[in-house]
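To start, the structure under review is shown below, and the notes come after it.
Convention: sequence-line order gives letters A, B, ...; per-chain numbering from 1.
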Protein chains: 2
Amino acid sequence: MDKQTVTIYDVAREADVSMATVSRVVNGNPNVKPATRKKVLDVIERLDYRPNAVARGLASKKTTTVGVIIPDVTNVYFSALARGIDDIAMMYKYNIILTNSDENGRKEVQVLNTLMAKQVDGIVFMGNDISEEVRKEFERSKTPIVLAGCVDDQGQMPSVNIDYTAAVEEATKNLIDHGNERVAFVSGSLDYPINKDYRLKGYKQALKKAGLRYDEKLVFETDYSYKAGQLLQPALQSVNATAAVIGDDELAAGVMNGVTDAGLSVPEDFEIITSNDTKLTEMVRPKMSSITQPLYDIGAVAMRLLTKLMNNEPVENKTVLLPYGLMKRASTH
Amino acid sequence: MDKQTVTIYDVAREADVSMATVSRVVNGNPNVKPATRKKVLDVIERLDYRPNAVARGLASKKTTTVGVIIPDVTNVYFSALARGIDDIAMMYKYNIILTNSDENGRKEVQVLNTLMAKQVDGIVFMGNDISEEVRKEFERSKTPIVLAGCVDDQGQMPSVNIDYTAAVEEATKNLIDHGNERVAFVSGSLDYPINKDYRLKGYKQALKKAGLRYDEKLVFETDYSYKAGQLLQPALQSVNATAAVIGDDELAAGVMNGVTDAGLSVPEDFEIITSNDTKLTEMVRPKMSSITQPLYDIGAVAMRLLTKLMNNEPVENKTVLLPYGLMKRASTH
DNA sequence: AATCAAATTGAAAACGTTTTCAACTTGATA
DNA sequence: TATCAAGTTGAAAACGTTTTCAATTTGATT
């Protein structure tokens with residue numbers, strides 16, 4: 001073999017033991033005499049034997065690999081989640097395959113199938129939505145799957161999130177408490193359940209509790225991009241919005257820069273609370289107040305949940321809600 | 001098998017052909033009669049046969065997987081590179097395994113070995129430095145390896161970069177042409193050849209050509225972080241620096257916010273040119289001028305170079321320098 | 001020394017696919 | 001019809017490791 005020329009057969013022959021014994025040594029099986037073990041380890045070192053993980057995966061039916069599906073690796077929200085996943089995976093001796101889905105339903109199915117073909121032991125799925133095709137694949141999968149930062153409105157999948165409804169309700173309430181009566185809700189696609197059924201719900205609840213009428217003109221649907229945010233200032237002004245709860249940090253940076261570039265002041269003329277508390281909230285000026293999501297922890301807990309599922313360990317709670325907070329910075333009073 | 005219960009044996013039996021024929025059909029081998037092919041495809045669809053990529057990898061000695069080593073997935077410089085790699089990999093029917101190295105030499109070796117064990121067909125390595133241990137692993141590897149956004153000062157490895165020396169020279173010249181005589185060089189670790197041997201060299205050349213004396217007090221070594229940049233303002237002021245070429249966008253955002261938070265104006269009191277032209281340069285205020293690196297293209301070209309090496313295609317040029325530019329924004333005159 | 005139980009080891013099958021080369025089939029030509 | 005070349009197919013080995021269960025060894029006890 002041109003990639004890996006020393007096989008278990010070579011080691012066995014040199015050490016004058018069987019392949020089974022070499023395998024036991026390599027895998028830490030206790031049923032090996034210390035002297036035999038030492039002899040084998042010496043040969044392994046001398047020949048620089050490197051076990052072939054592909055062969056091991058086929059024989060043992062475990063690849064110790066976890067597939068992670070990420071919509072966009074350049075988005076810091078998702079990449080911070082991925083860091084949490086990666087670190088816990090490593091702790092439990094798994095490697096991750098990080099695959100871009102581009103938030104494209106077709107590609108999501110494709111990526112899922114690729115990961116399944118590669119016999120990953122489990123999958124962590126990040127995304128904004130679960131399409132019917134993706135859900136079908138989930139249902140037929142024997143490989144455990146956990147959602148991270150992704151809601152399942154049908155409540156079927158194990159998942160780790162924060163309580164987006166309560167978080168947005170609190171952020172909206174904060175702005176209302178500051179005296180804002182025209183609070184905008186700036187969102188990604190309202191086709192996504194996370195936006196329509198969870199975050200918008202929190203927004204509406206805060207309005208209701210404050211005795212404010214819900215005005216759909218204050219709801220803005222975007223593609224989550226900085227550019228889209230930047231272009232929103234005229235529309236926000238035309239509905240007399242004096243504050244906004246915004247669903248993504250880059251989008252919020254766009255809104256904020258659109259507002260300040262237009263000569264208005266944040267927070268004096270317009271208050272902003274964003275949602276992900278990525279490092280961007282500290283880099284822009286003024287610094288942005290944000291719902292605090294423990295991104296790393298969401299990833300970490302999702303991965304831990306997945307290790308439990310993979311090992312058939314008891315799991316008390318398949319839907320985990322982690323704590324959130326509200327970090328006040330300079331974009332609010 | 002509990003993960004994948006339909007095997008090639010099941011298909012062969014149902015279709016009344018041999019396993020070899022099923023394999024030929026699955027892999028598009030032309031030596032199959034159309035009628036036989038149709039019969040097999042019908043059975044494949046009926047049984048929903050999913051080939052096991054692990055078994056295929058073992059038998060064919062090709063996994064169609066490429067390992068990508070990334071220092072920090074939350075760093076947009078690297079994640080944009082990764083996008084380019086991923087898209088070209090997909091185009092050539094490869095999947096990538098994206099692995100974090102944390103820019104830690106020991107972990108880099110570990111990650112390399114893991115990827116080799118998983119029999120990846122090739123590796124793209126991103127990092128700031130090639131340690132001796134990593135270089136040893138490169139040398140013993142039979143798997144092709146390409147550097148992306150990483151320089152090899154020994155010139156042994158195939159690599160895709162820009163001409164960092166010329167880029168920094170031009171950026172420094174630009175600041176000098178604006179009348180700055182005290183131009184600072186704000187860098188990552190000077191242990192890294194990319195900083196010490198390439199970028200600093202360009203800085204020195206620009207000074208020399210302008211007849212300015214090199215003053216090492218104008219050279220600042222950091223850990224590349226936003227925080228480190230923010231804290232630099234007093235030191236920059238104490239050496240009377242009026243401008244800076246900065247090696248990373250987050251670092252530059254830190255420097256710039258440190259300067260403006262201290263009450264100075266950019267670019268009036270202090271000019272800044274950063275290096276990576278990530279989207280952050282557009283989000284901060286003032287927008288930052290930057291060396292433009294085609295990050296996506298560096299990744300894409302590196303991946304293309306790797307596909308050539310993996311397929312033993314002729315490669316004219318193992319050291320590829322892509323074009324750079326200078327994007328003037330509001331942090332310079 | 002004989003017996004027994006526990007520990008250790010090895011042979012061979014298994015994992016699911018690909019590849020090789022001989023055997024077979026088909027179609028064209030004389 | 002016989003021959004030949006090209007196309008198609010199948011049996012079995014290969015890939016490198018793990019697992020299973022029988023065989024062997026070892027140590028303790030009587």
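Atom CG in A/D121 sits about 18 Å away from atom P in C/dC15, given to the nearest Å. With rounding to whole Å, B/Y9 atom OH is found 11 Å from C/dC15 atom P. What separates CZ of B/R13 from P of D/dT9 is a distance of 20 Å, to the nearest Å. In this structure, B/I8 atom CD1 and D/dA11 atom C1' are separated by 14 Å, rounded to whole Å. When rounded to the nearest whole Å, the span between CZ of B/R56 and P of D/dG16 equals 18 Å. To the nearest angstrom, P of D/dT18 lies 12 Å from CG of B/L58. The separation between A/N31 atom CG and D/dT18 atom C1' is 15 Å, rounded to whole Å. Between the CG atom of A/N29 and the C1' atom of C/dT9 there is a distance of 11 Å, rounded to whole Å.
Under the 4.0 Å criterion applied to side-chain N and carboxylate O atoms, A/R83 and B/D102 are assigned as salt-bridge partners. By the 4.0 Å N-to-carboxylate-O rule, B/E14 lies close enough to B/R46 to be salt-bridged with it. Using a 4.0 Å cut-off between charged side-chain N and carboxylate O, B/R135 and B/E108 make no salt bridge. Between B/D121 and B/K62 there is no salt bridge, since no side-chain nitrogen of the basic residue lies less than 4.0 Å from a carboxylate oxygen of the acidic one. Note on A/D10 versus A/R13: salt bridge recorded, some NZ/NE/NH1/NH2 to OD/OE distance being below 4.0 Å.
Backbone-only engagement by A/V32 is indicated by non-hydrogen atom pairs under 4.0 Å involving sugar-phosphate atoms exclusively.
In summary, the side chains of A/S131 and A/K136 do not present any donor paired with an acceptor at a separation below 3.5 Å, with no hydrogens or angles considered. Using modelled atom types and a 3.5 Å distance limit, the side chains of B/N113 and A/R50 yield a donor-acceptor pair. Of the N and O atoms on the side chains of B/D87 and B/Y296, at least one donor lies less than 3.5 Å from an acceptor on the other residue.
For B/N52, no side-chain nitrogen or oxygen approaches OP1 or OP2 of C/dT17 to under 4.0 Å. The side chain of B/Y49 contributes an N or O atom lying less than 4.0 Å from OP1 or OP2 of C/dT17.
Using a 4.0 Å cut-off on heavy atoms, none of the residues of residues 33-45 of chain B approach DNA chain C. Contacts between residues 15-26 of chain B and DNA chain C, defined by a heavy-atom separation below 4.0 Å, involve B/M19, B/A20, B/S23, B/R24, listed by number.
Shortest non-hydrogen contact noted between B/P144 and B/M310 is CG-CG, 3.7 Å.
Of the two residues near DNA chain D, B/A55 and B/P30, the one whose nearest nucleotide lies more 5' is B/P30.
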